[in-house]
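Structure first, commentary second.
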Protein chains: 2
Amino acid sequence: MSPTEVSPERELLRSAGLRATDQRVETIRALEKHPHADAQAVFDIVLHELPDTSVQAIYGVLGALTDAGLVRRIEPAGSPARYELRVGDNHHHIVCSKCGAIGDVDCAVGHAPCLTPVTTSGFTLTTAEVTYWGLCPNCAAAPLS
Amino acid sequence: MSPTEVSPERELLRSAGLRATDQRVETIRALEKHPHADAQAVFDIVLHELPDTSVQAIYGVLGALTDAGLVRRIEPAGSPARYELRVGDNHHHIVCSKCGAIGDVDCAVGHAPCLTPVTTSGFTLTTAEVTYWGLCPNCAAAPLS
DNA sequence: TATCTATTTTGATTCATTCAAAACTACAGT
DNA sequence: ACTGTAGTTTTGAATGAATCAAAATAGATA
């Protein structure tokens with residue numbers, strides 16, 4: 001993958017005003033294949049394509065992509081930060097309380113009820129984030145634990 | 001505070017089947033005065049009353065209280081774990097995206113809509129957790145930043 | 001193709017939290 | 001009240017996630 005070669009990932013980066021580096025392209029590809037991956041998982045994947053990549057670079061890439069709005073960072077309790085390419089829509093997540101697997105969940109009822117608490121303790125409200133907890137199909141099927 | 005002396009905190013601990021140690025009593029008192037405190041903040045407060053307390057002890061106490069259901073642990077993105085005594089009700093939290101302050105929010109509309117996502121990606125759903133993000137009164141009032 | 005600046009590498013550090021062994025203490029039972 | 005023992009805390013060290021900083025490198029513009 002030479003720098004001049006075109007690809008959807010490169011164009012996405014350029015259109016966001018970011019430099020299209022190899023690490024960024026491969027990070028996006030990793031997230032395409034593995035939504036909700038954490039930094040370490042992204043690093044492991046990118047390392048296959050770019051053997052000299054460092055973890056710090058991945059943190060830098062994920063931070064830049066997040067700042068640019070190309071990637072969304074989620075931080076479920078008890079898990080390192082996860083990243084996904086699905087941005088701009090108001091979707092939520094369901095986390096397996098046993099293995100940490102994450103699934104996407106569309107907003108429950110439009111978004112009005114979820115976004116409108118009764119009391120706000122004087123806070124100015126900007127967004128509402130819903131995390132569902134449960135068991136993924138695998139863990140639900142597992143015998144006893 | 002001798003071990004035989006009675007106090008609401010001691011009785012709460014005993015009724016939960018836990019030993020009423022000084023560190024546990026003082027941790028509960030710290031959380032009564034400072035809801036949503038993190039482990040470090042609890043440690044700082046307990047240290048005033050029990051000068052030989054260690055941070056590890058506070059982590060142990062908070063873990064034991066959480067396991068016993070006396071304390072609830074919340075982990076907002078970008079913040080260390082916070083602890084509160086208000087348990088058993090289905091309330092949510094609003095976090096100041098600027099300073100990290102936390103307020104309580106009663107569940108939006110009963111809990112039916114919040115708890116019923118449209119799709120669950122095959123997961124078995126057990127609970128729904130809502131985190132509101134916004135600005136606390138102080139930060140909203142602050143000039144520019 | 002040269003240049004400039006953003007990005008990555010390299011190496012170290014912070015913070016929150018957990019682990020483990022030894023010392024201690026609450027409390028059930030005598 | 002005293003004692004034994006299991007549960008806690010202390011002491012000391014280690015882990016994992018993430019960030020910082022300086023030097024080396026590589027995009028993209030002209």
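Quick caveat: nothing in here was measured; it's all calculated off a predicted structure. Proteins come first, then strands; the chains are lettered A, B, ... in the order of their sequence lines, and each starts at number 1.
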Inset, instruction - Note down the inter-axis angle between the two ends of the helix from dT1(C)-dA30(D) to dT30(C)-dA1(D), five pairs each, to the nearest 10°. - result: 40°
Legend entry - Integer-rounded Å distance: dA18(D) P and Asp67(A) CG: 15 Å
Legend entry - Heavy-atom closest pair, residues Val95(B) and Pro76(B): CG2-CB, 4.0 Å
Legend entry - Atom-to-atom span, CZ of Phe43(B) to P of dT9(D) - whole angstrom: 13 Å
Legend entry - Carboxylate-amine/guanidinium contact Arg86(A) Asp106(A), below 4.0 Å: yes
Inset, instruction - Report yes or no: does Thr53(A) contribute a side-chain atom to a donor-acceptor pair with the main-chain N or O of Leu50(A) at less than 3.5 Å? - result: yes
Inset, instruction - Look up atom CG in Leu31(B) and atom CD in Glu84(B), then write down how far apart they are to the nearest 0.5 Å. - result: 9.0 Å
Inset, instruction - Go through dA6(C), dT29(D), dT18(C) for me and flag the one nearest to the Arg14(A) side chain. - result: dT29(D)
Inset, instruction - Round to the nearest Å and state the distance from Ile74(A) atom CD1 to dA17(D) atom C1'. - result: 16 Å
So which protein N/O to nucleotides 8-14 of chain C N/O distances come out below 3.5 Å?
| unit_1 | atom_1 | unit_2 | atom_2 | d |
| --- | --- | --- | --- | --- |
| dT8(C) | OP1 | Thr21(A) | OG1 | 2.9 |
| dT8(C) | O3' | Gln23(A) | NE2 | 3.0 |
| dT9(C) | OP1 | Gln23(A) | NE2 | 3.4 |
| dT9(C) | OP1 | Asp52(A) | O | 2.8 |
| dT9(C) | OP2 | Ser54(A) | N | 3.0 |
| dT9(C) | OP2 | Ser54(A) | OG | 2.9 |
| dG11(C) | N7 | Gln56(A) | NE2 | 3.3 |
| dG11(C) | O6 | Gln56(A) | NE2 | 2.8 |

Inset, instruction - Tell me which of Arg19(B) and Gln40(B) sits closer to the 5' end of DNA chain C, going by the nucleotide each one is nearest to. - result: Gln40(B)
Inset, instruction - May I have the step-by-step check of side-chain contact (heavy atoms from CB on, under 4.5 Å) for Leu62(B) and Thr27(B), ending in yes or no? - result: CA-CA 8 Å; Leu62(B) 290 170; Thr27(B) 293; 3.7 Å; yes
Inset, instruction - Nearest 0.5 Å please: distance from the CD1 atom of Ile102(A) over to the CZ atom of Arg82(A). - result: 4.0 Å
Inset, instruction - Using a cut-off of strictly less than 4.0 Å between a heavy atom of the residue and any atom of DNA chain C, enumerate the qualifying residues of residues 76-84 of chain B by number. - result: Pro80(B), Ala81(B)
Inset, instruction - Send over the distance from Leu18(B) CG to dA6(D) P, rounded to a whole Å. - result: 18 Å
Legend entry - N/O donor-acceptor pair under 3.5 Å between Glu129(A) side chain and Trp133(B) backbone: no
Inset, instruction - Indicate, with yes or no, if Phe123(B) and Leu135(A) share a hydrophobic cluster defined by side-chain heavy-atom contacts under 4.5 Å among Ile, Leu, Val, Met, Phe, Trp and Tyr. - result: no
Inset, instruction - State whether the number of non-hydrogen atoms from other residues, nucleotides or ligands found under 6.0 Å of Asn138(A) atom CG is greater than 12. - result: no
Legend entry - Atom pair distance, as rounded to whole Å: OH in Tyr59(B) and C1' in dT11(D): 17 Å
Inset, instruction - Inspect the contact between Arg29(B) and Glu32(B) and indicate whether a charged nitrogen and a carboxylate oxygen are less than 4.0 angstrom apart. - result: no
Legend entry - Heavy-atom donor-acceptor pair, Arg24(A) side chain to Arg19(A) backbone, under 3.5 Å: yes
Inset, instruction - Measure the distance from CG on Asp44(B) to P on dC15(C) and round it to the nearest whole Å. - result: 13 Å
Inset, instruction - Starting at atom CD of Glu75(B), determine the distance to atom C1' of dG16(D), rounded to an integer number of angstrom. - result: 14 Å
